[in-house]
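What you see is a predicted model, and the numbers here were worked out from it, not measured in a lab. If you read the sequence from its start, that first residue is 1, and numbering goes on from there. The analysis underlying the following values was restricted to heavy atoms, covering all of them including side chains, and did not include hydrogens, waters or symmetry mates.
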Amino acid sequence: MDKIIFHHAPMSRSNIVHWMLEELGVPYELDAMSLERGDHKKPAYLAINAMGKVPAITHQGITITEAAAICAYLADEFPAAKLSVPIGDPRRGVYLKWLFFGPSCLEQAIIDRIHNRPLAPPQASSYGDHDTVMETLAQAVAKGPYLVGGQFTAADVVIGSGVQWGTMMKAVPERPEFASYMERLRARPAAQRSFAKNQALYEQLHPKAAG
Ligand SMILES: N[C@@H](CCC(=O)N[C@@H](CS)C(=O)NCC(=O)O)C(=O)O
């Protein structure tokens, strides 16, 4: 199997891919970077991702960026973990919908709220309005236990990471639907491993900040 190289800065969006890799349990080589140190803007990394952003993975000679795309790719590439819904399964459309809803609706609604960004008119905005995004998502996770019914998928890694971050930033409302969804996700051993490893890696990269 061709080795995955994971270009990762802990405590950033690349935690999403870190969790995904822990769920898969596949080996990977870590290219640990510090955003604070500006590693992601150095020529060596710009040659990998001209956007100068994390996460990225390199696999089979190809570099893939965009957290949700990486999760979708990995889920398809390692089907034994059953984190994807395969082509031909009627639930695949639902799975893809939530994978794309993460960056295009949930994340945008959270960022607009955190930064108090002037809102685009609802018909031009990628998500419409904040309350509708939260209500739509709350209804979906309430049906649960996961976004594609009984199967935990890469879509839960993407959306769960967004809900976790948005809640921390007070840009996702405290609702019982989200609380019990997050409780289910946090109970997963891979999520717990990922959290602990990222804390440790962050402290290793930033000894002063940790002290
Ligand atoms: N659309 C990208 C966003 C990636 C992104 O913005 N990553 C942030 C970390 S949370 C980053 O690299 N920021 C550093 C910078 O832009 O200077 C994705 O979903 O992967």
Side-chain angles (χ1 to χ4, degrees), residues 6-24 49 51 53-57 64-78 81-85 91-115 117 119-120 122 125-149 151-173 175 177-186 188 190-191 194-195 198:
F6 174 31
H7 311 281
H8 171 51
M11 306 309 167
S12 77
R13 281 179 181 85
S14 60
N15 279 16
I16 303 168
V17 171
H18 190 281
W19 176 16
M20 183 69 193
L21 286 164
E22 288 294 329
E23 289 284 350
L24 291 170
N49 180 8
M51 292 285 283
K53 283 188 170 283
V54 290
I57 65 163
I64 307 160
T65 63
E66 299 302 318
I70 297 169
C71 290
Y73 171 85
L74 290 171
D76 286 343
E77 201 64 22
F78 300 97
K82 296 200 179 341
L83 296 181
S84 173
V85 178
R91 300 169 309 141
R92 184 165 166 91
V94 176
Y95 164 69
L96 291 175
K97 186 270 286 284
W98 289 118
L99 265 176
F100 285 76
F101 190 93
S104 63
C105 298
L106 178 60
E107 185 180 310
Q108 299 313 311
I110 291 171
I111 293 175
D112 279 356
R113 179 60 56 96
I114 293 172
H115 295 283
R117 281 201 302 207
L119 300 181
S125 149
S126 69
Y127 65 87
D129 69 86
H130 191 275
D131 288 350
T132 304
V133 169
M134 299 306 154
E135 181 58 32
T136 303
L137 191 52
Q139 283 180 24
V141 299
K143 277 193 229 136
Y146 301 113
L147 290 164
V148 189
Q151 184 189 354
F152 174 85
T153 68
D156 294 294
V157 173
V158 170
I159 294 283
S161 299
V163 172
Q164 158 93 4
W165 173 62
T167 304
M168 196 176 79
M169 302 304 286
K170 309 229 173 296
V172 165
R175 294 179 58 145
E177 299 93 327
F178 294 142
S180 49
Y181 178 56
M182 290 315 297
E183 202 174 86
R184 288 193 284 283
L185 299 189
R186 282 195 206 104
R188 300 185 66 80
S194 175
F195 182 77
N198 276 311

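Two residues are said to be in side-chain contact when any heavy atoms from C-beta on lie closer than 4.5 Å; V158 and P103 meet this criterion. In this structure the side chain of L83 never reaches within 4.5 angstrom of the side chain of F78, judged on heavy atoms. With contacts defined as side-chain heavy-atom distances shorter than 4.5 Å, the pair T153/L147 does not qualify. Counting heavy atoms from C-beta outward, M182 and V163 have side chains that approach closer than 4.5 Å.
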Worked verdict on F6 versus V54 for side-chain contact (heavy atoms from CB on, under 4.5 Å): CA-CA 10 Å; F6 174 31; V54 290; over 6 Å; no

Stepwise side-chain contact (heavy atoms from CB on, under 4.5 Å) check, N198 with H18: CA-CA 8 Å; N198 276 311; H18 190 281; 3.4 Å; yes

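Listed by first and then second residue, the side chain to side chain donor-acceptor pair (under 3.5 Å) pairs that reach into residues 154-169 are D156-Y181, Q164-R186, sequence neighbours excluded.
Distance check, rounded to the nearest 0.5 Å: CG of D112 to NE2 of H130 gives 8.5 Å. Interatomic distance, Q151 CD to K82 NZ, rounded to the nearest 0.5 Å: 8.0 Å. Put simply, CE on M134 and CD1 on I110 are 5.0 Å apart, with the number rounded to the nearest 0.5 Å. To the nearest 0.5 Å, atom NZ of residue K143 and atom CD of residue E177 are 12.0 Å apart. Distance check: C71 SG to I159 CD1 gives 11.0 Å after rounding to the nearest 0.5 Å. Atom CD1 of residue I64 and atom NE2 of residue H7 lie 10.0 Å apart, to the nearest 0.5 angstrom.
Evaluation of the side-chain hydrogen bond (donor to acceptor under 3.5 Å, both in side chains) rule for E183 yields no partner, not counting sequence neighbours.
Aromatic ring pairs are classed by plane angle as parallel below 30°, tilted from 30° to 60° and perpendicular above 60°; the pair Y146 and F152 is perpendicular. Taking the six-membered ring where the residue is Trp, W98 and F101 present perpendicular rings, their angle passing 60° and hence far from 30°.
Of the residues listed (I57, V157, N15), the one engaging M20 in a side chain to side chain contact (heavy atoms under 4.5 Å, CB included) is V157, and it is the only one.
At distances below 3.5 Å, at least one donor-acceptor pair connects side-chain atoms of R184 with backbone N or O atoms of P145. A donor-acceptor contact shorter than 3.5 Å is absent between the side chain of S125 and the backbone of A120.
Taking all atoms of both residues into account, the shortest heavy-atom contact from W19 to G160 is CZ3-C, 4.4 Å.
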